[in-house]
Amino acid sequence: MPVSRFQLLRATTRSPWTRDFRHLLPVPKRFAIKQSFYDPGIKAVRVKDRIKFWNVVPGDRVRIRGDSSGMIHEVLSINRFTNRVYLKGTIREPTKGKMPINKSVHYSKCQLLIKEMEKKTESGTVEKVHIFARRIGVRDPHWNPEFRRFDWKRVVLASIPAHVRHTAGKEVVLPWPEPEAPPKPKPNVLLDTSSEAVLKITYQPPTFQPSGKTKSAVADESAYIKTLFNPSPRGFDESRPMELHLAKELSNPHSRAKKQARWQAARRRKSELLKKFIARELLNQGDRTAREARAEAVFKWRQQMEEERKAEKKRRWFTADRVAKIARKAKRKQRKAEKQKERLTQMVLKDAPNQVIPGSSRQRA
């Protein structure tokens with residue numbers, strides 16, 4: 001599947017994990033052509049220049065090569081199509097027609113911070129020394145089915161200053177940064193339910209007597225309706241479970257559990273019907289083999305299923321509105337036919353010289 005324009009526009013990510021290698025696919029040249037002034041610019045480096053395994057990810061602390069100040073920045077996001085690393089806290093000044101964005105540098109200019117050490121100088125003071133990775137290797141790349149991502153080990157091959165010393169079977173492995181949890185929105189007092197409203201008891205179930213001799217009277221629907229329109233209602237107990245009368249009307253027939261139950265019942269019915277067809281054909285096998293009898297049973301079963309499908313489709317087509325419309329058309333057609341018949345029976349022709357009464361010639365002869 002080729003890369004889409006939407007994926008290129010959303011290529012900048014804050015996730016440190018590699019879910020796939022779609023950033024290695026070629027980008028169509030037509031995406032770089034702007035259709036209008038307001039279209040966002042889409043950029044991508046050549047496929048051979050893109051990086052497969054990214055060792056500098058959001059959350060890492062890096063230093064920029066050639067930066068005389070030696071400031072340490074934190075990686076905010078990365079773009080695997082353009083090999084750009086966006087730094088946190090560095091905002092590019094907005095220009096005419098452009099929004100302010102974080103400053104980005106090329107992947108090759110980033111030196112990953114390994115750790116900070118304290119070193120005593122000749123004067124006896126203690127100063128902090130930052131150790132950066134000059135070269136990073138990839139070890140044991142594999143697909144992690146649990147988290148659905150590609151994992152590998154980041155190994156330091158060379159450092160600045162030269163602090164990493166390789167020994168037999170020992171390598172300095174850099175841990176991956178922990179992604180920041182998204183900030184939780186503050187609760188809205190106007191939209192959240194108060195604790196007093198949650199703890200308030202709004203319904204009291206009716207009390208049922210354990211003995212079966214005396215049963216509680218079922219609430220009368222007409223009595224409930226009278227209480228709505230009568231200003232002085234008579235003896236209606238509001239604690240009776242009136243919702244029992246509306247259980248079927250208020251329950252959702254399209255819930256997931258009910259749809260699944262109907263689907264399972266339909267599957268059981270189809271399976272049992274197929275077994276009946278096969279048993280009937282095997283009972284009346286005749287000169288056929290068992291395999292031929294089963295094939296005939298399956299053919300008849302499929303025909304039956306197709307007929308039921310068409311009948312169900314026809315039944316669903318006849319909705320209440322369509323049935324009423326058909327009845328109106330039939331009634332209008334019948335009324336039109338009756339009027340036409342009445343006009344024909346009551347029609348009177350004017351006298352004219354070319355009129356001939358049927359049968360009059362025979363009577364004259």
Side-chain angles (χ1 to χ4, degrees), residues 6-7 9-10 12-17 19 58-59 76-77 88 144-149 177-273 305 308-309 311-328:
F6 180 78
Q7 291 176 345
L9 292 174
R10 298 298 181 92
T12 304
T13 177
R14 295 190 179 186
S15 175
W17 314 120
R19 303 289 180 183
L76 176 65
S77 58
K88 184 181 292 186
N144 191 338
E146 181 180 359
F147 298 102
R148 301 185 63 83
R149 70 190 186 202
E178 294 292 335
E180 296 181 0
K184 296 182 179 180
K186 295 182 179 180
N188 192 342
V189 183
L190 300 177
L191 300 179
D192 289 353
T193 307
S194 60
S195 58
E196 293 79 5
V198 173
L199 298 176
K200 185 179 179 181
I201 299 175
T202 57
Y203 174 74
Q204 290 288 350
T207 56
F208 298 98
Q209 299 181 6
S211 61
K213 297 181 181 180
T214 59
K215 298 182 179 179
S216 59
V218 181
D220 187 13
E221 186 175 358
S222 59
Y224 173 72
I225 294 175
K226 287 180 180 179
T227 58
L228 300 178
F229 300 99
N230 191 4
S232 58
R234 299 179 183 177
F236 176 74
D237 188 5
E238 296 182 357
S239 64
R240 293 181 182 179
M242 274 303 303
E243 61 272 11
L244 296 179
H245 295 281
L246 305 174
K248 292 184 179 180
E249 288 80 357
L250 296 179
S251 60
N252 181 18
H254 305 293
S255 63
R256 183 180 181 275
K258 292 183 180 179
K259 287 196 292 186
Q260 186 178 11
R262 291 196 295 267
W263 176 73
Q264 292 175 351
R267 288 196 63 181
R268 287 194 298 268
R269 175 185 166 277
K270 290 181 181 179
S271 179
E272 292 174 359
L273 187 62
M305 291 293 102
E308 291 182 0
R309 185 189 68 82
E312 179 65 17
K313 184 179 180 180
K314 188 176 181 180
R315 185 192 66 81
R316 290 186 177 184
W317 187 86
F318 282 102
T319 58
D321 296 338
R322 286 177 176 171
V323 170
K325 187 177 181 180
I326 292 172
R328 288 194 303 270

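These values consider heavy atoms only, across backbone and side chains, with no hydrogens, waters or symmetry-generated copies.
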Minimum heavy-atom distance P58-S77, with the two atoms named: CG-CA, 3.9 Å
W263 and R267, any side-chain heavy atoms less than 4.5 Å apart: yes
Which residues share a side-chain hydrogen bond (donor to acceptor under 3.5 Å, both in side chains) with E312, sequence neighbours left out: R315, R316
From OG1 (T13) to CG (L76), nearest 0.5 Å: 10.5 Å
Validation row: N252, K258 side chains within 4.5 angstrom (heavy atoms): no
Exercise: identify the closest heavy-atom pair between K259 and H254: CE-O, 3.5 Å
Set of side-chain hydrogen bond (donor to acceptor under 3.5 Å, both in side chains) partners for R268, sequence neighbours left out: none
Sidechain-backbone polar pair: R322 side chain, W317 backbone, donor-acceptor under 3.5 Å: yes
Short N-O contact, E308 and R269, less than 4.0 angstrom: yes
Donor-acceptor contact below 3.5 Å, side chain R149 vs main chain N144: no
Non-neighbouring partners of Q7 that pass side-chain contact (heavy atoms from CB on, under 4.5 Å), sequence neighbours left out: V3, S4, R22
